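Heavy atoms only: backbone and side chains are in, while hydrogens, waters and symmetry mates are out. Quick caveat: nothing in here was measured; it's all calculated off a predicted structure.
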Amino acid sequence: MPGIDECLLEAMALPGARGAALVDWSSGLALGTAGESPVGDHETTAAETAELARAAAEYESFAPAGTDPAHGGGAVSSAGSSAGLSAGPPVEDLIVTTRTGYHVLRFVETSFDSSVFLHLWLDRADGNLALARHRLRALAEGLVLR
């Protein structure tokens, strides 16, 4: 099971990868980075992407009522039982498309109370969005945070 550095290096091996980071969306801090940053500073990018992740995880439009994003809980129906969704972050990933690239934010489920996501910046001409989503899911599931 890969740690942070190994996970980011694997993400950077994807076609078109320009930069990768593991970010805590509650603090906006980068826990690890690799490659380039779209604005030249990984900490600024981490803070800005954390705002997007926080909005998606906390706003009811994206995280249905009955979920607890801070505790990684899945949706709960009005009867109090699981709504057929597995436990984990209420949002799996976010994709932002720009004229020159893709930003994929993949939420990471952990055994402790966390708010962590992987951010991958892909070149639009060379990147493969479907492959990136597939690999980021596998990386997020195998990531070991120590």
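- Within the model, atoms CZ of F117 and OG1 of T49 stand 3.5 Å from one another, a figure rounded to the nearest 0.5 Å.
- Of the inter-residue distances, the one linking Y102 atom OH with N128 atom CG reads 9.0 Å to the nearest 0.5 angstrom.
- The minimum heavy-atom distance between W25 and A53, with the atom names listed, is CB-CB, 3.8 Å.
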Legend entry - Working for side-chain contact (heavy atoms from CB on, under 4.5 Å), residues L22 and T33: CA-CA 7 Å; L22 182 69; T33 62; over 6 Å; no

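- When only modelled atom types and interatomic distance are considered, S115 and D24 share a side-chain donor-acceptor pair under 3.5 Å.
- Atom CZ of R133 has 12 or fewer heavy atoms from other residues, nucleotides or ligands within 6.0 Å.
- Using a 4.5 Å cut-off between side-chain heavy atoms of Ile, Leu, Val, Met, Phe, Trp and Tyr, with links allowed through other members, L131 and L136 fall into the same hydrophobic cluster.
- Between P15 and D126, every side-chain heavy-atom pair lies at or beyond the 4.5 Å cut-off.
- For residues 10-22, the set of pairs meeting the salt bridge (Lys or Arg N to Asp or Glu O under 4.0 Å) definition, not counting sequence neighbours, comprises E10-R135, R18-E36.
- T45 places a side-chain N or O within donor-acceptor distance of the main-chain N or O of D41, the cut-off being under 3.5 Å.
- Using a 4.5 Å cut-off on side-chain heavy atoms (C-beta onward), D93 and V91 make no contact.
- The side-chain heavy atoms of L52 and V96, taken from C-beta on, include a pair separated by under 4.5 Å.
- Here L129 contributes atom CG and T97 contributes atom OG1; the two are 6.5 Å apart, rounded to the nearest 0.5 Å.
- Rounded to the nearest 0.5 Å, atoms SG (C7) and CG (L118) are 4.5 Å apart.
- Side chain of E6 to backbone of G3: a donor-acceptor contact under 3.5 angstrom is found.
- The aromatic rings of H103 and H119 sit parallel, their planes meeting at an angle under 30°, below the 60° perpendicular limit.
- Distance CH2/W121 to CG/L105: 14.0 Å, rounded to 0.5 Å.
- Distance check: L8 CG to L31 CG gives 9.5 Å after rounding to the nearest 0.5 Å.
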Inset, instruction - Go through the steps to decide whether T100 and D123 satisfy the test side-chain contact (heavy atoms from CB on, under 4.5 Å), and finish with yes or no. - result: CA-CA 6 Å; T100 60; D123 182 77; 5.6 Å; no

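- With sequence neighbours left out, R137 forms a salt bridge (Lys or Arg N to Asp or Glu O under 4.0 Å) with no residue at all.
- Residue V23 is not grouped with residue L9 when hydrophobic side chains (ILVMFWY) are merged at heavy-atom distances under 4.5 angstrom, including chains of intermediate members.
- Contact record, A20 with A11: CB-CB, 4.1 Å, taken as the closest heavy-atom pair.
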Inset, instruction - Decide side-chain contact (heavy atoms from CB on, under 4.5 Å) for R124 and T98; before the verdict, give the C-alpha distance in whole Å, the side-chain angles of both, and the deciding distance to 0.1 Å. - result: CA-CA 8 Å; R124 190 166 177 166; T98 67; over 6 Å; no

